[in-house]
Structures are given as C-alpha cells and as structure tokens.
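Side chains included, hydrogens not; waters and symmetry mates left out as well; all remaining heavy atoms used. Numbers here are sequence positions counted from 1.
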Amino acid sequence: MKKLSFVFVIIVLNISFQSCSVKDDAEILEPYNSTHIQLEYSQMDYEIAEIINNYRASRSLSKLNILVEASKEAYLHNLYMVEKGEASHDYFFERLENLKKNVNAKSVSENVGYGYSSAQSVVNAWLKSENHRKNIETPEFTDLGISSTEDGNGRRYFTNIFVKR
C-alpha cells in the first residue's frame, strides 16, 4: 500500500471545483484496499447528502443512499488532494474500477471541490456548474459517496461520488 504523506502547501488562494465522468487515466495508482478504512462521516458530510437529496426531491428524482464503499473512495481521494494541495480528478479510473469490482457499479461520476466553508456553499457551487449539476440530477444514480476533509490550514476538500448499481 502506498502511504500518503501529509504535506500541507497552499498553492492557490482561490476557490476551485471540477466535475468528472468516466474516462481513463494515463497513470494508475498502486492498488489499495479501502476495506480496512474505518470511515466516520462528519456533520458536513451528512449535510451535503441531505442538501443534494432535497434538491433531487425538488426535481422529482429519487433519493440517493449513502454508500460506504463510495465514501471510502471519496475519503482516499481527499487525502490525495490534501497532499497535492489542489482539487483534481486524478486517478478517477482507479476509483471507478474499485467500485465496479466491490459494489457492481454500472456507472460512476464525481464532483470535487475545495475551499468552501459550508455544505450549502459547496453544493451551491456544484449546482451553478452545468457538469456538476448534471451529476447531481442524473436520474439513474442510486447511491452517493461523500467525504469532506480539512487540511492543516483549515481548507476543506470535498469528493462526492455518484453511483448507479
């Protein structure tokens, strides 16, 4: 297992967010086993899931269930982004393959972000972006994984993974 070192560097002071769908990565991380992670959801994680589900309900879309395996993938990706000091979709294909193998995922997409101070502010930013909003509004998704992680400087990183099983 590749051990992530925690190096906290502030590279950019602006807020950034990105959206991603299925695509291959040029490089693949060394395989890791997320089954041994003891996952704990923060209050902010639950708030993000609730805001997303309330938004989906307002559009007559089904509620997404929190999927622990997807949240583990989100958590590991947040650790990577904290180490790197920026939001990214690096190694998305690895997360996709892990979810296909572990929960029989048929489709996977993700939203990432950093620098937001509340659940409402990060979800609002995702909803203002066409690609992020599309991930949230995709009717076929059944589950979501969520993780918010704070770095040593108090900046939060977010990964929200959408899964169709």
Side-chain angles (χ1 to χ4, degrees), residues 4-23 25 29 32 34 37-57 61 63-96 98-99 103 105 107-138 141-164:
L4 295 175
S5 62
F6 290 92
V7 179
F8 303 109
V9 180
I10 297 180
I11 295 175
V12 204
L13 294 176
N14 65 342
I15 295 176
S16 164
F17 56 91
Q18 301 174 7
S19 172
C20 186
S21 296
V22 178
K23 71 176 186 174
D25 289 314
L29 282 174
Y32 59 85
S34 65
I37 294 172
Q38 192 68 22
L39 189 67
E40 292 184 27
Y41 293 99
S42 68
Q43 183 63 35
M44 187 176 287
D45 297 334
Y46 286 120
E47 289 173 14
I48 291 169
E50 181 179 13
I51 294 166
I52 288 172
N53 277 326
N54 288 343
Y55 177 82
R56 285 177 61 89
L61 299 168
K63 175 182 172 184
L64 301 174
N65 300 304
I66 295 177
L67 181 62
V68 172
E69 286 302 319
S71 294
K72 288 178 182 181
E73 295 294 332
Y75 171 74
L76 289 170
H77 186 59
N78 278 353
L79 294 181
Y80 170 82
M81 292 191 301
V82 165
E83 178 182 8
K84 193 172 177 185
E86 63 186 21
S88 78
H89 291 288
D90 294 352
Y91 309 109
F92 175 76
F93 185 74
E94 186 77 10
R95 292 185 291 287
L96 168 68
N98 287 342
L99 291 168
V103 297
S107 179
V108 176
S109 191
E110 75 180 6
N111 290 348
V112 301
Y114 76 108
Y116 297 94
S117 59
S118 71
Q120 190 67 61
S121 63
V122 72
V123 174
N124 285 346
W126 287 335
L127 291 173
K128 288 178 184 175
S129 161
E130 184 178 345
N131 290 334
H132 293 92
R133 189 176 57 254
K134 181 180 174 187
N135 289 341
I136 292 170
E137 292 177 349
T138 298
F141 287 133
T142 55
D143 305 282
L144 66 85
I146 186 67
S147 179
S148 60
T149 305
E150 191 172 302
D151 71 11
N153 296 312
R155 179 179 284 185
R156 288 203 163 272
Y157 290 77
F158 303 89
T159 302
N160 187 196
I161 298 178
F162 300 91
V163 178
K164 173 188 173 189

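Put simply, the side chain of Ser148 does not reach to within 4.5 Å of the side chain of Tyr116, judged on heavy atoms. By the 4.5 Å heavy-atom criterion applied to side chains, Arg95 and His77 are counted as neighbours. Counting heavy atoms from C-beta outward, Trp126 and Lys128 have side chains that stay 4.5 Å or more apart. Contact check for Glu83 versus Leu79: no side-chain heavy atoms found under the 4.5 Å cut-off. With a 4.5 Å cut-off on side-chain heavy atoms, Tyr114 and Arg156 do not count as touching.
Residues passing the salt bridge (Lys or Arg N to Asp or Glu O under 4.0 Å) test with Arg56: none are found, sequence neighbours excluded. Partners of Tyr55 according to the ring pair (Phe, Tyr, Trp, His ring centres under 6.0 Å) rule, which considers only residues two or more places apart in sequence or in another chain, do not exist here. By the side chain to side chain donor-acceptor pair (under 3.5 Å) test, Thr138 is found to be paired with no residue, residues two or more places apart in sequence or in another chain being considered. For Phe158, there are no ring pair (Phe, Tyr, Trp, His ring centres under 6.0 Å) partners, not counting sequence neighbours. Applying the side chain to side chain contact (heavy atoms under 4.5 Å, CB included) test to Ala74 and every residue at least two apart in sequence or in another chain returns Ser147, Thr159, Ile161. Residues meeting the side chain to side chain contact (heavy atoms under 4.5 Å, CB included) test with Lys164, sequence neighbours left out: Lys106, Ser107, Glu140, Phe141. By the side chain to side chain contact (heavy atoms under 4.5 Å, CB included) test, Tyr41 pairs with Leu39, Asp45, Tyr46, Ile66, Val68, Ser71, Ile146, sequence neighbours left out. Partners of Gln120 according to the side chain to side chain donor-acceptor pair (under 3.5 Å) rule, which considers only residues two or more places apart in sequence or in another chain, are Asn124.
Interatomic distance, Asp143 CG to Asn65 CG, rounded to the nearest 0.5 Å: 5.5 Å. Distance check, rounded to the nearest 0.5 Å: CG of Asn111 to CG of Asn131 gives 9.0 Å. Summarising the geometry, atom CD belonging to Glu47 is positioned 6.5 Å from atom CD1 belonging to Ile51; distances are rounded to the nearest 0.5 Å. Note that CD of Glu110 and CD of Glu73 are 10.0 Å apart. Values are rounded to the nearest 0.5 Å. Gln43 CD to Ile48 CD1: the interatomic distance, rounded to the nearest 0.5 Å, is 11.0 Å.
Ionic pairing of Lys84 and Asp90 is present here: one or more N-O contacts between side-chain nitrogen and carboxylate oxygen are shorter than 4.0 angstrom. We find that Lys134 and Glu137 are not joined by a salt bridge, their nearest charged nitrogen and carboxylate oxygen being 4.0 Å or further apart.
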**Test side chain to side chain contact (heavy atoms under 4.5 Å, CB included) applied to Val163 and Leu144, step by step** = CA-CA 6 Å; Val163 178; Leu144 66 85; over 6 Å; no
**Prompt:** Passes salt bridge (Lys or Arg N to Asp or Glu O under 4.0 Å), Lys72 versus Glu69? Steps please.
**Reply:** CA-CA 5 Å; Lys72 288 178 182 181; Glu69 286 302 319; 3.6 Å; yes
**Request:** Please step through side chain to side chain contact (heavy atoms under 4.5 Å, CB included) for the pair Met81 and Val112, ending with a clear verdict.
**Result:** CA-CA 10 Å; Met81 292 191 301; Val112 301; 4.2 Å; yes
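Using the six-membered ring where Trp is involved, His89 and Phe92 have ring planes that are perpendicular, over 60° apart on the 30 and 60° scheme.
Nearest heavy atoms, Asn135 versus Ser109: OD1-OG, 2.7 Å.
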